[in-house]
Every structure is written in C-alpha cells, then in structure tokens.
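Input: a single structure, listed below in structure tokens.
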Amino acid sequence: MDTKAFKRSLHHSDNYHRKGFGHGEEVMGVMNTEYQSHLIQEIRQNNYRLERGDVIILLAEAFGFCWGVERAVAMAYETRQHFPGDRLWITNEIIHNPSVNQRLREMEVNFIDVVNGEKDFSGVAKGDVVILPAFGASVEEMQLLNDRGCTIVDTTCPWVSKVWNSVEKHKKKEHTSIIHGKYNHEETIATSSFAGTYLIVLNMAEAQKVCDYILHGGDRQEFLDYFANAHSVGFDPDEDLVRLGVANQTTMLKSETEMIGKLFEKTLLQKYGPTELNNHFMSFNTICDATQERQDAMFDLVKEDLSLMVVIGGFNSSNTTHLQEIAVEHGIPSVHIDSGDRIGPGNRVHHKPLGKDLELLEPWLPAGKITVGVTSGASTPDKAVEDVMKKILAIKEKEAETMLEVAG
C-alpha cells in the first residue's frame with residue numbers, strides 16, 4: 001500500500017478534519033475551568049517552590065499538559081460540540097490520563113472495545129464521527145474508517161506525524177526502520193504501519209543485540225523468535241539489516257534514543273566504512289520537544305536534596321514512566337500515581353513501582369521536615385497535580401496536629 005498517497009487522499013476528503021471547528025475560545029474556557037489550577041499558578045510565580053509547615057514542595061519547571069495533548073483534548077471537546085446529535089467514537093484513549101478519558105465518556109464519546117487483543121470496529125457505522133487520539137492510528141484503521149464512510153477527526157500530535165514522515169523517507173530509500181519504542185504501544189503501532197520493513201527495539205540492550213547480529217551474524221531463528229512481536233512481516237535479519245534508518249516513539253527517554261542512534265551509526269560505520277556510511281544509515285531528529293523539556297526539568301529536579309519524588313500520570317503513560325526512571329536512577333525514593341485518589345486514607349498510598357504492579361505503601365511520607373519533588377507526565381492536568389499536593393499538605397498538617405496533642 002502506498003501510505004503516502006493514502007494520507008494525501010484522506011487529507012483532501014470532506015470527511016476528514018485536522019483542525020478545530022471554530023469553537024476554540026469557548027472550549028478553552030471550559031478546559032481551563034476543568035483542568036487548570038490556581039495553586040499551580042501560585043507555585044510557578046514563586047520559583048516553582050511551595051513551603052508550608054514541615055513540607056517543601058519543589059515542582060519541576062516543565063511538567064504536565066504539553067501542547068500536543070492540550071490540542072488533542074480541545075479538538076475532542078470541539079468535536080462533541082460541533083456534532084451534538086451524532087454518535088461519537090474514539091479509537092483509543094485520547095491521552096493516557098484516566099480523568100480526561102472519563103470526562104469524554106461523560107460527554108457520550110464511545111471508546112472502541114478491544115476483544116481478544118484486537119479492536120472491534122463492528123459497532124461503528126457509516127456517518128459516525130470517529131476521533132483519532134493524540135498517539136495517532138494505524139493506516140489500516142484509517143482506511144477502514146474512511147471506507148466505511150465515517151467522519152474522521154484527527155488529533156494526532158504533529159510530533160508523531162513527523163516520525164511518520166521519517167519512516168516514509170526510510171521506506172523510499174529502501175532502508176529498514178529501526179524504531180525505538182514499545183511494540184505494543186499505540187503510537188509505535190501507528191508508526192510501524194507507515195514504515196516498510198521495520199524492527200522495534202525497546203532499549204539499548206536490544207539495540208546492542210541487533211548490532212551484534214549485524215557485525216557477527218548469529219542464529220537467525222533465535223533472533224526472529226526474540227523479536228517475534230516487533231518486526232514487519234517477512235523480516236529477515238540477514239537481508240534487512242544492511243540499510244537502516246532510526247526513528248522513535250516520541251515519548252521514549254531522549255538520552256537512550258540518542259545513544260541507540262549513535263550505536264547503529266557506529267556499527268554501520270564499522271561494517272561498511274566511512275565512505276559508504278551514507279548509503280547504509282539515515283537518522284532524523286524526531287525527539288518531541290515537550291518530552292525533552294520534561295525530562296530535562298526532571299534531571300534538574302533530582303539534583304535537589306529530596307526526601308522523595310512524586311510522579312503523577314497514567315500508569316500506561318510512557319513519558320511518565322521515563323520520568324520515574326530518572327528518579328530511580330538517581331537513587332531517590334519515588335512514587336508513581338495516576339491521581340490523588342491513590343492517596344489515603346491516612347498516610348498511605350497505592351503506587352506503581354517501576355516495572356511492578358500496584359503496591360500499598362504505609363506510611364509513605366516520612367515524619368518531620370521533608371522536601372518533596374513533584375512532576376507529572378504530558379497527559380496530566382494541573383488540577384490532578386494540585387489534588388496530590390493538597391493531600392500531601394493535609395497529611396503533614398495532621399501529623400503536626402497529632403504531635404502537638406501528644407506534647408500537650
């Protein structure tokens with residue numbers, strides 16, 4: 001399939017929309033009411049610092065809703081307003097935030113069910129309005145919806161679209177796309193659908209495994225078994241690791257994406273020499289600015305003397321998980337929660353340690369004076385961050401009251 005021609009044709013269809021519907025000002029007023037926080041504004045104005053009683057909260061200087069997320073949510077709100085009597089669907093979570101997705105459900109936006117690991121589009125009919133989320137949708141999904149005669153509202157983040165353009169260039173030059181990402185993440189699924197031949201690597205260890213095969217060969221079947229869910233149909237490591245282009249899931253850890261790109265460049269340089277490198281390797285900067293800013297702010301925050309770090313965002317949010325990784329790598333006790341509802345009653349929290357399931361931690365806030373670092377993923381509204389901060393302050397206020405009572 002000529003995916004580039006399909007996209008061009010779709011973009012010229014009267015049933016396809018990539019911009020708002022003229023309700024932007026009204027929608028932003030609603031979103032500000034629902035998602036913005038006066039407390040967060042106060043902390044920003046105070047050099048990202050809040051001090052009350054025994055608690056100092058240091059807020060990352062870049063956190064929360066990014067432009068692409070805000071745009072996607074605003075477009076979803078506008079879609080509901082513009083098509084008040086139509087049946088609305090969304091192919092996946094609009095963003096990885098439970099409160100925002102629940103708000104859309106309350107607005108009678110239907111979410112496509114997943115049955116036995118596959119999306120079930122059987123309920124979507126001609127004339128229905130279907131929203132594509134910020135992560136994008138696969139070519140196959142877009143083609144299905146277009147063929148069915150649906151109105152498509154595309155909220156795909158422009159940074160994701162930039163990655164799609166990169167893998168299109170790989171395909172045109174007959175290069176295999178090496179995609180740094182999670183093979184089952186909806187963004188990577190969408191990106192790989194625009195690629196020709198591709199291989200998805202999760203981290204440096206997997207990238208090294210591929211580079212070792214490029215330089216030294218190996219057991220072809222063992223290689224294919226290892227990457228069983230992470231390559232294009234018919235992928236052959238003996239044939240398809242000769243010319244490579246590097247791309248990424250936009251929410252991956254910036255430093256790791258850069259190291260993976262350099263590793264493949266070094267490997268192909270060693271294999272083919274400097275005069276042939278340009279014929280064997282392509283790389284474009286597809287790291288999302290917002291992801292980079294939040295990671296850079298996190299690296300600044302972990303330099304502080306923190307008692308613990310609180311990372312707020314969806315448990316299935318890749319960019320949030322990578323923020324938590326930074327805290328863990330710096331030896332700072334960290335708590336990853338998706339909302340303030342995970343806190344309490346009392347000094348307890350249900351949180352998700354890195355790479356593990358939810359756990360109960362009690363007590364989770366140390367006694368006495370503490371300094372808490374706080375950040376949030378790009379899909380987390382300020383209101384959710386405010387809620388967490390207020391609960392932290394309330395726990396420590398209760399502790400102080402108890403100490404006074406005991407002393408009295």
Side-chain angles (χ1 to χ4, degrees), residues 28 30-53 55-70 72-74 93-103 134 251 290-291 293-302 304 306-327 332-344 349-352 361 364-365 370-397:
M28 287 311 298
V30 173
M31 287 180 57
N32 286 339
T33 300
E34 294 185 357
Y35 300 126
Q36 292 301 309
S37 157
H38 293 300
L39 178 62
I40 296 298
Q41 291 301 323
E42 176 188 329
I43 296 171
R44 278 194 173 105
Q45 292 166 7
N46 193 43
N47 201 29
Y48 295 85
R49 179 186 177 97
L50 175 68
E51 186 168 358
R52 290 186 184 173
V55 185
I56 297 174
I57 293 178
L58 301 180
L59 183 62
E61 293 191 15
F63 67 98
F65 267 10
C66 66
W67 173 82
V69 162
E70 189 170 283
V73 177
E93 294 183 337
I94 185 75
I95 58 174
H96 284 152
N97 181 268
S99 63
V100 175
N101 288 301
Q102 179 57 34
R103 183 71 185 95
T251 53
T291 299
E293 288 167 359
R294 280 147 187 75
Q295 291 173 4
D296 289 346
M298 186 66 167
F299 280 115
D300 287 338
L301 189 53
V302 296
E304 303 289 341
L306 301 176
S307 308
L308 76 157
M309 175 71 69
V310 180
V311 181
I312 309 157
F315 294 136
N316 57 345
S317 167
S318 178
N319 76 86
T320 304
T321 301
H322 290 307
L323 294 176
Q324 186 191 20
E325 281 180 8
I326 295 171
I332 300 171
S334 68
V335 169
H336 177 191
I337 54 178
D338 58 356
S339 73
D341 293 341
R342 301 290 179 179
I343 300 173
V349 66
H350 283 87
H351 73 118
K352 189 177 185 304
L361 181 61
W364 74 285
L365 293 178
I370 61 171
T371 301
V372 182
V374 175
T375 190
S376 61
S379 297
T380 307
D382 285 1
K383 273 275 176 70
V385 179
E386 176 189 88
D387 187 33
V388 170
M389 289 181 173
K390 284 183 174 179
K391 291 195 172 185
I392 291 172
L393 294 173
I395 291 170
K396 296 300 287 182
E397 286 171 6

If the condition is side chain to side chain contact (heavy atoms under 4.5 Å, CB included), which residues does [X] pass it with, not counting sequence neighbours?
X	value
D300	K303
N46	R49
K383	E386
S318	K182, H185, Q249, T251, M252, H322

Handout entry: Verdict with supporting geometry, K391 and D341, side chain to side chain contact (heavy atoms under 4.5 Å, CB included)
Key = CA-CA 9 Å; K391 291 195 172 185; D341 293 341; 4.3 Å; yes

Practice task
Just jot down the ring-ring contact (aromatic ring centres under 6.0 Å, His included) partners of F63, sequence neighbours excluded, or say none.
Solution key: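 Per chain and number, F63 pairs via ring-ring contact (aromatic ring centres under 6.0 Å, His included) with no residue.
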
Handout entry: ring-ring contact (aromatic ring centres under 6.0 Å, His included) involving Y48 - partner list, sequence neighbours excluded
Key =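 Per chain and number, Y48 pairs via ring-ring contact (aromatic ring centres under 6.0 Å, His included) with no residue.
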
Restricting to salt bridge (Lys or Arg N to Asp or Glu O under 4.0 Å), what partner residues turn up for [X], sequence neighbours left out?
X	value
D382	R44
D296	none
R103	E34, E106

Are the side chains of [Y] and [X] in contact, using a 4.5 Å heavy-atom criterion?
X	Y	value
V385	T380	yes
I326	V302	yes
S339	S99	no
L301	M309	yes
I337	K352	no
V311	S376	no
L306	V372	no
V73	I95	yes

Taking side-chain hydrogen bond (donor to acceptor under 3.5 Å, both in side chains) as the test, write out the residues that go with [X], two or more places apart.
X	result
S334	none
E70	none
E293	none

[X] [atom1] to [Y] [atom2] distance, which is reported to the nearest 0.5 Å:
X	Y	atom1	atom2	answer
L361	H351	CG	NE2	4.5 Å
I40	I43	CD1	CD1	4.5 Å
L308	W364	CG	CH2	6.0 Å
S37	E42	OG	CD	9.0 Å
I312	T320	CD1	OG1	9.5 Å
I57	T371	CD1	OG1	10.0 Å

Using only atom types and a distance under 3.5 Å, with no angle test, would you say the side chain of [X] pairs donor to acceptor with the backbone of [Y]?
X	Y	value
D338	P98	no
T321	S317	yes
N97	P381	no

Exercise for the section: Dump the intermediate steps for side chain to side chain contact (heavy atoms under 4.5 Å, CB included) on V388 and R342, then the final yes or no. Expected result: CA-CA 9 Å; V388 170; R342 301 290 179 179; over 6 Å; no

Exercise for the section: Kindly give the heavy-atom pair with the smallest separation between R294 and A62, and that separation in Å. Expected result: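 Looking at all heavy atoms of both residues, the shortest contact is CG-O, 3.6 Å.
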
Exercise for the section: Give a yes-or-no answer on whether the side chains of N319 and Q295 include a donor-acceptor pair shorter than 3.5 Å. Expected result: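 No - no donor-acceptor pair under 3.5 Å links their side chains.
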
Practice task
Just do the side chain to side chain contact (heavy atoms under 4.5 Å, CB included) check on H336 and V310 with the steps written out, would you?
Solution key: CA-CA 6 Å; H336 177 191; V310 180; over 6 Å; no

Handout entry: Test side chain to side chain contact (heavy atoms under 4.5 Å, CB included) applied to H38 and Q41, step by step
Key = CA-CA 5 Å; H38 293 300; Q41 291 301 323; 5.6 Å; no

